[in-house]
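Reading through the structure tokens given below for one structure.
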Amino acid sequence: TVDPLEQVLAGLDAAFIGSTDLSVDLGRPGQLGDPLVRTRVVEIARAAASLGIALGAFGTSADAVAALTKEHRVGYVLVGSDLQALRSGAAALASAARAAVAPS
């Protein structure tokens, strides 16, 4: 959102940064390291801190989670998604099926 963050966050107990959605909204789909995306994450984190709102975010790796909790004082993280779980399960199933039909 480009709305003033203090207005968006006012009255909330907690906020969550959906980094993938944010990157899409900013015209940088999937580019979580893009300077525009990173700047907006910092702005959101600062606004939440100034309003005393608990902040959470999506971490795509252990390094990303560490950076979020250290740099932005994120109090809770989501470390996976339904799409990641589906992809992982489908990949495991495909691998097992290939092994089952492979010539010996």
Side-chain angles (χ1 to χ4, degrees):
T1 181
V2 294
D3 298 320
L5 291 170
E6 290 75 16
Q7 290 178 6
V8 173
L9 299 176
L12 298 179
D13 295 322
F16 182 83
I17 300 172
S19 51
T20 301
D21 291 338
L22 180 62
S23 72
V24 170
D25 289 345
L26 294 173
R28 308 292 198 276
Q31 300 174 41
L32 306 184
D34 181 89
L36 186 60
V37 175
R38 293 175 59 88
T39 296
R40 193 60 172 164
V41 168
V42 168
E43 292 169 352
I44 294 167
R46 286 184 182 154
S50 74
L51 294 168
I53 295 170
L55 182 64
F58 181 75
T60 56
S61 68
D63 290 339
V65 169
L68 287 167
T69 56
K70 183 178 180 183
E71 295 172 22
H72 304 301
R73 300 182 189 257
V74 168
Y76 62 99
V77 293
L78 177 67
V79 294
S81 71
D82 55 347
L83 292 178
Q84 285 176 316
L86 286 170
R87 182 173 187 237
S88 176
L93 179 59
S95 178
R98 279 191 294 276
V101 297
S104 328

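R38 has its side chain out of reach of V42: every pair of non-hydrogen atoms, C-beta onward, lies at least 4.5 Å apart. Side-chain contact between L26 and D34: absent, with no pair of heavy atoms (C-beta onward) separated by less than 4.5 Å.
Taking all atoms of both residues into account, the shortest heavy-atom contact from L9 to A47 is CD1-CB, 3.7 Å. In terms of heavy-atom proximity, I44 sits nearest to L22 at CD1-CD2, 4.2 Å.
Side chain of T39 to backbone of P35: a donor-acceptor contact under 3.5 angstrom is found. Looking only at distances, no side-chain donor or acceptor of S23 sits under 3.5 Å from a matching main-chain atom of L32.
Members clustered with L78: F16, F58, Y76, by chain and number, using a 4.5 Å side-chain heavy-atom cutoff among hydrophobic residues.
Atom CG in L93 sits 12.0 Å away from atom CG in L86 (nearest 0.5 Å). Taken from CG in L55 to CZ in R46, the straight-line distance is 13.0 Å, to the nearest 0.5 Å.
Every salt bridge (charged side-chain N to carboxylate O under 4.0 Å, His left out) that E43 has, sequence neighbours left out, goes to R40.
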